[in-house]
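Structure, as structure tokens:
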2 protein chains.
Amino acid sequence: MRVKPPCPALFSATPFGGMVRRRARAHGEVMDRTAPIGKPRRGDAQDAPPHGATVAHIVDGLRCDILAHRLQPGERLIESALTKRFSVSRGPVREALRRLAAEGLIEHAPHRGAVVRRLSPRDIGELFQIRVEMEALAARLAALSPDEAARARFVEEIAPIFADAPRRMESYLDENAAFHLSVLRLAGNAHLQELSARLRLPLIMAQVGDALTTEVMRASVSEHRAIAKAIVEGDAEAAAAAARAHLERAAALAVARREADAEPPPSRRA
Amino acid sequence: MRVKPPCPALFSATPFGGMVRRRARAHGEVMDRTAPIGKPRRGDAQDAPPHGATVAHIVDGLRCDILAHRLQPGERLIESALTKRFSVSRGPVREALRRLAAEGLIEHAPHRGAVVRRLSPRDIGELFQIRVEMEALAARLAALSPDEAARARFVEEIAPIFADAPRRMESYLDENAAFHLSVLRLAGNAHLQELSARLRLPLIMAQVGDALTTEVMRASVSEHRAIAKAIVEGDAEAAAAAARAHLERAAALAVARREADAEPPPSRRA
DNA sequence: AGCCTTGATATTGTCCTACAATCTTAAAGG
DNA sequence: CCTTTAAGATTGTAGGACAATATCAAGGCT
């Protein structure tokens, strides 16, 4: 068997199991709270998932494959094939597919099955329009947070972004995800956090690395610092504006990249 | 079997079947057009859900019951009971429950089953914080829409809100939903529309009518007019501000109502 | 040739039964 | 009264079966 990419934490960092925040102690969910980073959970690969976690196992596996482009947009996900791959029956497979559809990673048409979602430039633009507002709101709320302990934790968490080490794409992606997550946590709106994670997921799918030049990353880091500074200083409007600027730049980049990607064949109509 | 309330259009008006917007023509339509080939299968429980629409049928039924408070928050949804009620097997029932969980109408804990979601005042506040931004965004986008045909349609659709007839609660709720939907349509962001509908759903659940006094309704209608006016005039910032004000007032009302609802019994612990 | 019909095949939607794992509740014991 | 244990209820998953529908290839038609 080949080496399995560990599926970065950000990929699995979607606490989306049906909107249960309280009393979430059963099964593997405790991990979400106690070990938000790293930690290869036991039985991560395709071994036997503990009873009750079969669906989560399949979801994680497929989500990881999709985000890592091992499954390409438009590719079909056949139930019978998945039952064999994961050695489970069709029930859990169908449930996993539905959850992925709810996360926006696949599309599902009746009697036609599920395919990996293909984001049009328009989709990307629309999703970013929403994300801009969500992140701006998060930044504003974070700046206004009166919870001193949480603020201190935030300062500690975001320290890495002030390091001047040259960043690799991979570590930048992690840093980026961690930063946004920290902001969302400080904002203190659990639903916003969940929603934001969900909006980000499909976009990660589209945002492959080849558009992430060194300059882009440097600009992004700089913008992160501006957001962080405003939040720490408690300047809500500046934080929101900085977040907005950050996201809008990212959006422009993503859309441009997608359009450039789709332009070459001139015999196509969107 | 008692008379079944028709489940107002706004309840079912959630186009949320897994994020498929294009190519959504299959199923129910064909049957409606070509006239049934002539077999009322198991026309027993409610009606005959055509093959492939079983899940949707269950989802609609349950959603309707939840929003109409025939199922109260905290009430358990037992799979076996639902199989009997809808005369279906557990498969579709489980799928329906998962969809409702994705819509935020029920909570689902492993091995413990599904219960109708109970929104805390905090939940309501958080959800409204998000909705404020979404509706403000929608208003801004609507004001900026360059599609003249869509603008004309919008003007036509929202005409009713300028009528001075005294409103009943029921008709007001419909008008309110229709207005927001019109704005979202004009905004032209399909994902925003979908997301907004999803956020509204759980809130409808909490927003029972007894807080809707005549003055509140009048104020709301007036705010709608302000939003509409700004949109029609193309004043994006004014539209966004008006939408924000409208939603923030609604949020304050909803939270206050919920807190007042939960305060009285001081000898209770959730 | 191109278009429509027809069939074969693949896949999904649903049903059924069965059993293991787990939660909940009530009884038994300290 | 509290803790432990047993029984019942409910969910999670397996596996097989069949119907309904979509997809696709071959054949007949204008």
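Numbered from 1 within each chain, the chains take letters A, B, ... in sequence-line order.
Across all strands shown, A:S87 has heavy atoms under 4.0 Å from sugar-phosphate atoms exclusively, and none from any base.
Spacing between atom CG of A:L82 and atom P of D:dT13 amounts to 15 Å, rounded to whole angstrom units. One atom, CZ of A:R98, and another, P of C:dG13, lie 8 Å apart when rounded to the nearest Å. When rounded to the nearest whole Å, the span between NZ of A:K84 and C1' of C:dA10 equals 12 Å. If you take CD of A:E95 and P of C:dT12, they are 17 Å apart, rounded to a whole angstrom.
At least one donor-acceptor pair closer than 3.5 Å links the side chain of A:D123 to the backbone N or O of A:S120.
Each of A:H180, A:H191, A:E135 was evaluated against A:S196; a single residue qualifies, A:E135, per the side chain to side chain donor-acceptor pair (under 3.5 Å) test.
When all heavy atoms of A:R76 and A:R112 are compared, the closest pair comes out as NH2-O, 3.7 Å.
At least one side-chain heavy atom of B:H111 sits less than 4.5 Å from a side-chain heavy atom of A:H51.
Contact between the side-chain N/O atoms of A:T54 and the OP1/OP2 oxygens of D:dG12 is not found at any separation under 4.0 Å.
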For nucleotides 7-11 of chain D, tabulate all protein N/O to nucleotide N/O atom pairs closer than 3.5 Å, reporting atom names and distance.
| unit_1 | atom_1 | unit_2 | atom_2 | d |
| --- | --- | --- | --- | --- |
| D:dT11 | OP1 | B:E79 | N | 3.3 |
| D:dT11 | OP2 | B:E79 | N | 3.3 |

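With salt bridges taken as basic N to acidic carboxylate O contacts below 4.0 Å, none links A:R99 and A:E103. A salt bridge does not link B:E194 with B:R198: none of the charged nitrogens is closer than 4.0 Å to a carboxylate oxygen.
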